[in-house]
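These notes concern the structure reproduced below.
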Amino acid sequence: MMIKVEAYVREDKFEDVKAALNAIGVNGLTVSQVMGCGIQRGYKEIVRGMQVDMQMKPKIKFEIVVSSEEWEVKTIEAIEKAAYTGEPGDGKIFTYEIRHAQKIRTKETGYDAIQATE
């Protein structure tokens, strides 16, 4: 079974999370800059001398596909440790089962499509 781990973390934790994933041997990941809000509902910012409520906070989204539940646990633990500050807005981690994966160039499927071959 393949599992997708999707994590939303603070922008300033990007390098820490990336290094933690590299340290445990995660082969591939996709990273995006995203905006969102959770319990904290954004933040206040001064714009042209006026206080403005910003509802969305910038976050970094990590997408990682792993080959087993064992790797799912390792990946989650690495992200949690690297992204933790103890303050609201540390982020969220979601996991999903992957039904199918295919490497476009070689047409490999399943686990073969996600493992490093070169």
Side-chain angles (χ1 to χ4, degrees):
M1 168 181 38
M2 293 176 295
I3 299 164
K4 180 179 181 181
V5 178
E6 194 172 274
Y8 297 84
V9 302
R10 297 171 182 270
E11 282 187 315
D12 61 340
K13 289 297 186 173
F14 169 69
E15 290 296 335
D16 295 339
V17 172
K18 191 173 74 167
L21 293 170
N22 189 48
I24 65 167
V26 168
N27 286 328
L29 54 97
T30 300
V31 178
S32 306
Q33 290 183 303
V34 296
M35 298 287 285
C37 70
I39 295 169
Q40 78 276 14
R41 294 283 180 228
Y43 60 101
K44 296 182 186 333
E45 187 172 291
I46 304 297
V47 177
R48 296 185 184 156
M50 295 185 62
Q51 183 174 305
V52 177
D53 288 332
M54 306 298 284
Q55 292 299 309
M56 300 298 211
K57 291 191 76 153
K59 297 284 186 180
I60 300 294
K61 177 182 175 182
F62 286 87
E63 296 176 86
I64 304 112
V65 177
V66 296
S67 59
S68 67
E69 290 178 0
E70 177 186 340
W71 273 100
E72 174 188 20
V73 171
K74 281 187 199 180
T75 303
I76 290 170
E77 288 174 351
I79 294 167
E80 281 178 333
K81 186 174 179 184
Y84 179 81
T85 69
E87 298 294 322
D90 276 352
K92 300 270 191 300
I93 301 172
F94 302 96
T95 63
Y96 312 91
E97 284 187 31
I98 302 290
R99 292 180 41 208
H100 180 77
Q102 181 169 340
K103 191 178 286 186
I104 294 172
R105 181 177 55 87
T106 62
K107 299 192 178 26
E108 293 169 295
T109 60
Y111 175 71
D112 293 337
I114 65 167
Q115 72 177 356
T117 56
E118 298 169 17

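Excluded from the calculations below are hydrogen atoms, water molecules and symmetry mates; all remaining heavy atoms, backbone and side chain alike, are included.
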[X] with [Y], same ILVMFWY side-chain cluster at under 4.5 Å:
| X | Y | result |
| --- | --- | --- |
| Val66 | Ile93 | yes |
| Ile114 | Tyr96 | no |
| Val26 | Val73 | no |

Any side-chain heavy-atom pair of Gln33 and Glu11 under 4.5 Å: yes
Check: Lys59 side chain, Gly89 main-chain N or O, donor-acceptor pair, under 3.5 Å: yes
Asn22 side-chain N/O to Lys18 backbone N/O, donor-acceptor pair under 3.5 Å: no
Approximate separation, where rounding is to 0.5 Å, of [X] [atom1] and [Y] [atom2]:
| X | Y | atom1 | atom2 | answer |
| --- | --- | --- | --- | --- |
| Glu108 | Gln115 | CD | CD | 7.0 Å |
| Asp112 | Gln102 | CG | CD | 11.5 Å |
| Ile79 | Leu29 | CD1 | CG | 9.0 Å |

Candidates Val31, Asp12, Val17 - the one meeting side-chain contact (heavy atoms from CB on, under 4.5 Å) with Ile60: Val31
List the atom of [X], the atom of [Y], and the distance in Å for their closest heavy-atom pair.
| X | Y | answer |
| --- | --- | --- |
| Ile3 | Ile98 | C-CG1, 4.0 Å |
| Ile64 | Gly28 | CG2-O, 3.8 Å |
| Tyr111 | Met2 | N-SD, 3.9 Å |
| Ala78 | Ala20 | O-CB, 3.8 Å |

Linked hydrophobic residues, Tyr84 as query - side chain contacts closer than 4.5 Å: none
Within residues 5-30 or reaching into it, pairs that qualify as ring pair (Phe, Tyr, Trp, His ring centres under 6.0 Å) - sequence neighbours excluded: Phe14-Phe62
Results of side-chain contact (heavy atoms from CB on, under 4.5 Å) for Glu87 - residues two or more places apart only: Arg10, Thr85
Residue pairs involving residues 60-77 (criterion side chain to side chain donor-acceptor pair (under 3.5 Å); sequence neighbours excluded): Lys4-Glu63, Glu72-Thr95
Set of side-chain hydrogen bond (donor to acceptor under 3.5 Å, both in side chains) partners for Asn27, sequence neighbours left out: none
Salt bridge (charged side-chain N to carboxylate O under 4.0 Å, His left out) involving Glu97 - partner list, sequence neighbours excluded: none
